Engineer: 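One structure coming up, written as structure tokens, with questions to follow.
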Amino acid sequence: MLQTAFNGLVTGIIVTLPALAVTLLFGVLKFPNFAVGSMMTLAAYLVFALNVQLGWPLVISTAVVAVAFGGLLIAIDYVTFKPLRERGSITLMVASLGLGFVLENIARLAYGNTARSFAIELARPFRFLDIRMNREQMITIVVSTLAMLAMYFLLTRMPIGRAMRAVADNPALALVRGIESPRIIRWTWFIAGMLLAVGGVLIGMDRALEPPMGSSYLVAVFAAAILGGLGSPLGAFIGALVIGIVSELATLVIPPNYRIGIPLCVIALILIFRPQGLFGQPYIRK
Amino acid sequence: MKKLTRRKVLKRLGAAAALPIAAPFLNLAHAQGASIPIGVALPFTGNAGAYGPDMAEAAKRTAAKINSAGGILGGRKLELFIEDSESSASVAANLSQKFINVHKCQALVGYWGTPEGMSSRPIAVQNKVVLMVSSAANAITEGDTQGYVWRFQMKATDWGIVIGRAVQRLGFKNIGIMGLQNAFVLPIMKTVEDQMKTAGRTVTGSLIYNPEQPSYRAEVERIFGKKPEAVCCFGLLPDFVSIMKEVYRGGFDSKVIALSIMADAEGKFIEAVGPQVAEGIRHFQPMPDTSAPGYKKFLKLMGAPDDRVYLFPPNTHDQIAVVAMAMEKAKSPMAVDWSKQIIPVCNGPGQNIDDVVDALKLIRAGKPVNFSGAGSTCDFTPNGDQLGRGMGHWIIQGGKNVFVEYAKP
Amino acid sequence: MISFLILISTVVCFSAILALALNFQWGLGGMVNFGMAGLYALGTYSCALLMLKGGANTFFATLGAMAIVAAACGVIALVTLRVTEEDYFAIVTLGVGEMLRLVALNEDWLTKGALGLTGIPRPLGDVIAPEYYQYFLLGLSVALLAGTVWFLNVIARSPFGRIMRALREDDVVAATLGKHVLWARVRIFAIGGAIIGLAGSLHGFYYQYIDPTQFSNIVIAYAFMAVIAGGRGAHQGVIWGAAVVMVLLEGSRFMKDLIPVLDSDQLAAIRIIIIGIGLILLLVFRPQGFMREYRLQVNFK
Amino acid sequence: MSDILVIKELHAGYGEGDILKGIDITLPAGRVVTIIGPNGSGKSTLLKTLAGLLLARRGDIVLKEQSLRDLSPPRRVRAGLSYVPQEYNIFRNLTVLENLKIAREFMADRKMRGGTAISDELIELFPELPGKFKARAGNLSGGQRQMLAFACALTVHPEVLMLDEPSAGLSPKYMTDIFDTVKKVNARGVSVLMVEQNAIEALRISDTCVVMANGHVRLTALANQVLEMKDLHSLYLGDAKEEAVAS
């Protein structure tokens, strides 16, 4: 039982980074981005290129790709979403769906369908209170907690973070208070890009690297972001943990291959009882 | 990606250039000299994407060999139309329609996965065209196929029998079973389970998982958590890599028995998980009898080192060979005629031949032939199932596949 | 060659019907349905199972399938729309689509799981000789397509249609129209669902064999591509859109023969990349698609 | 005394029709101008267009000889034009202090970016705010929110301050406070352009009054003259005759 709960914690932790990215992007751009899954896949393959093909250590390749991927997303936004900025969230969502297909298949075009892995030594687990933990899971927990703290610090202490929250809170007022929204949107994409790159690597470490790896997490990531309250980073973190633990524990009751049903039920319940999620603010209509 | 030699590119360009121009005339000019079209549907993408390329290469070289030896039916050349079935049923069905209606093929070969075979079956039978698959699910050859559907692979249940016997021989008292939700995996799992029960061994747990799951932690925990002596795991490469990483890092030490299409896949599994995770994994796969002369000739045809084990390419080689021989014997490219000649050519009675060109010479000379190909002895039951196929049994040691035994059902 | 074109046009017909359903739900009703693949599968499986297990004839099985998918869409709309906006609607429909596909894959007692269902009977399948059947199926598909377009045009012109267009313009305005807004949207989504059920049944009749791999989310991309290429709201445009997408898809099979240098698996990836990029380019440069909405010039919010 | 803000022939609107059908207003430096008029006369639209939230279709907006026409809203703030919208004029999910800091942090090219401390000058103007620095802005009362919005607009030390019905929905106590603050701010050299519903209070502290009706300027007059007019009511409804004396 305890081991399943811990497994759930690990699954949840992996979901935190993409959930943070989704919440950040939703806050500022006001639409759920369906390309998040394939972005993680593409980032993971870029890290694979550096780590396995060029032989760089995983940590350095992840850092390099994280920064580069942030810039790449800015460029993609400029070409894809910027022209559609004023066109309502449905158009943006459909564009993000199209983008998702493009990114996933770029990875498939370059690396084919065979499963691959990063060049890291797999180690036997170490035991703690009869729970088995392995090195990758430890790294995952440390990395995502650090990411959460960095995000918290950024959003509360740093001007960029405050500005991002301001744009999310009231875009028109932000303009009139002197905030250059385009610049803030670029920063948001950059930070989301880093989160998604690291998220992609964590998934790649946990399981095999294959083109559909990112999109298989999509429903769980959205469930986490919605449970936490779209727009609230702390909510996304807590939401991800809850989704992870609940869906793993549920496998003791329902057959494991229906595990994807759990995030879906969570979304449905949230929408009925508390649409703004645990920490979100009621969605003000402009 | 395989490199295309200049000669081959020119040949394909030639064939390809001919298509759009020749297409409208193709079906009219069945006269002397026109080429005989054969449709080849293989998975180049989707979850079976890893197996298509080599199978296509085998088909191309076999056709080239037959053509360079003078072709069949008085010098007519075989022309292959190779398409990607994307491991999907609807794509395969569309392809089959295209082969039959556009390219006027009377023979559809390749068809690696069960979905592709199942969706193309009604189309082939309805249009009275021969369909040759290399998928394992029993349902492909069940029911009335009027002699148009032939399987160049072992039936799924036979896989289960061989593996079940091996498990008993290896002396495992209790085992866990987990498998991918897939048409050919389910019959294998069921047969292995039944075998264990009849042999009085206990099955500690059995579950099915989905393709492309975000994580397999729960499944590994439930099956390996009960610490059975061995776990049979049936599925495909992507899920097996994730599962074995989870098993190794979870500190589980049950022995693992799997299929070669997941634990080898032309070396891609070991490449993905590394030698120490793969250590001790046993894997089975229907394989050609590598000692058979037909297989040795096939290796030379492929220009591969003689210790190389091809799992599926020999099937497409045999398929093309059987099509050619049956047409030659029936002296007609129409499936209605040559489909009845498949059993005589393959099962005999007749002179035992393992080279398609020599066999064609004998057939032209009117002599009976019993062809045994690269993938198997090519003996068939009337409803299209293949007999005499054995399974190879390997164990991964030090990052290498060590051959253990060759077992027949 | 001709019979291949007939077969492809049949596929275009029921893909167009599917695109019309999406167009109706999204283009006119303002609700985006990302669960298209799952609902499409629900339609096909319901029709097939009603015939194979329920013994219904093809006509009633199709009606049954349409009713089942309409009910499913109604429930989804009721649960989601009562509370929130289209952002959540897209996510819920995506989740439901995934769930339906999983059920089709795993409930093998009902759907035979990955093995799929074979031998699906065809309308008048036993009456018409096999070699002429493809002409009949094409005729039936074209008739059903025309019927769907006529039905949707009737609705678009009716008062109900005007309410729908008001809903699409701006939810805030629509919300002020009071309670029956929810019921109007549930009905819209359910009608769309019925049309998906029809398309699903035709899919079953055409392929005669169905299995979960046929309903991947590429189906969603094609449907959206067709609707956007056709211009949201314009029925005729959507049919053109579906035809263009199908020709693009099937045509690229021939591309393989013309550019042999490309490996087939690279080609398949490139084809989906083209569809994805096409989707985005159409949204950016031709939001109103290639056809005007038949009467009024509507600018979207 | 030169004019600090000149609006020439301004046309603007949403969708097809024009709501502002050629507006000419000049704001003399250091003065307070109040715009009154019936609802829908385009008062708020005018302020939105000046702030840059709405694109001007024709005409020009000149602030100290610099045309703002093709400047983005943030650029206009830097040029010295600050705006307090009528509603949703604070960041509800940020704290009071964060609201105040926001405006200053992005004055990249203005020297007053230095130091995040809120100038004591502002604290003197808005004594209530320091006590609430940590509070979530959304939890403030109506009056406090208006004060905060006012303070935020001032943190950028604007030349011209535009207020959209600052007293709307406020209790009488806060209404007088607001108008006192406007007077104090004006005393410090900030010109004010104000749209107000309760004309009498506003005109008392204004120099000029502009009356707008369906997109046109009906009348420009000295505030005190307008105050004495008996049929202020009719004026207010926009069917005023042109007998008012030009300023």
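Note that the structure is predicted; figures quoted are calculated from it, not measured. First the proteins, then the strands, lettered A, B, ... as listed; each starts at 1.
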Engineer: Are there over 12 heavy-atom neighbours, none belonging to B:K268, within less than 6.0 Å of that residue's NZ?
Structural biologist: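 Count over threshold, so yes.
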Engineer: Answer with side chain, backbone, both or neither: which region of B:I208 has an atom nearer than 4.5 Å to a non-hydrogen atom of chain A?
Structural biologist: both
Engineer: Is there side-chain contact between A:Q137 and B:R217, with heavy atoms separated by less than 4.5 Å?
Structural biologist: yes
Engineer: So, taking the atom named OH in A:Y217 and the one named CD in B:Q213, what distance separates them when rounded to the nearest 0.5 Å?
Structural biologist: 10.5 Å
Engineer: Using a cut-off of under 4.5 Å for heavy-atom pairs, which of B:Y209, B:F252, B:Y216 has the most such pairs with chain A?
Structural biologist: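 Looking at each of B:Y209, B:F252, B:Y216 in turn, B:F252 comes out on top.
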Engineer: Verify the distance criterion only: is there a donor paired with an acceptor across the side chains of B:R222 and A:T251 at less than 3.5 Å?
Structural biologist: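 There is no such pair (donor and acceptor under 3.5 Å, judged by atom type) between the side chains of B:R222 and A:T251.
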Engineer: Nearest 0.5 Å, what's the CE-OG distance between B:M244 and A:S117?
Structural biologist: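 B:M244 CE to A:S117 OG: 12.0 Å, rounded to 0.5 Å.
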Engineer: Test of understanding: with ring pair (Phe, Tyr, Trp, His ring centres under 6.0 Å), list the residues that count as partners of A:F31, not counting sequence neighbours.
Structural biologist: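 In terms of ring pair (Phe, Tyr, Trp, His ring centres under 6.0 Å), with neighbours along the sequence ignored, A:F31 is linked to A:F81.
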Engineer: Which members of residues 196-209 of chain A, sorted by number, sit under 4.5 angstrom from chain B on a heavy-atom basis?
Structural biologist: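 Result: A:G204, A:M205, A:D206, A:R207, A:A208.
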Engineer: Of the listed residues (B:F269, B:Y248, B:F240), which shares the most heavy-atom pairs with chain A below a 4.5 Å separation?
Structural biologist: B:Y248
Engineer: Check the pair A:E248, B:S215 against side chain to side chain contact (heavy atoms under 4.5 Å, CB included), reporting the backbone distance first and the verdict last.
Structural biologist: CA-CA 10 Å; A:E248 286 296 319; B:S215 93; 4.0 Å; yes
Engineer: How many angstroms lie between atom NZ of B:K245 and atom CD of A:E136, to the nearest 0.5 angstrom?
Structural biologist: 7.5 Å
Engineer: What's the separation between atom CG in B:L237 and atom CZ in A:R116, rounded to the nearest 0.5 Å?
Structural biologist: 10.0 Å
Engineer: Between atom CD of B:E221 and atom CG of A:N7, what is the distance when rounded to the nearest 0.5 Å?
Structural biologist: 5.5 Å
Engineer: Go through A:A220, A:S216, A:A119 and name the one with the most non-hydrogen pairs under 4.5 angstrom from chain B.
Structural biologist: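 Highest number of pairs under 4.5 Å: A:S216.
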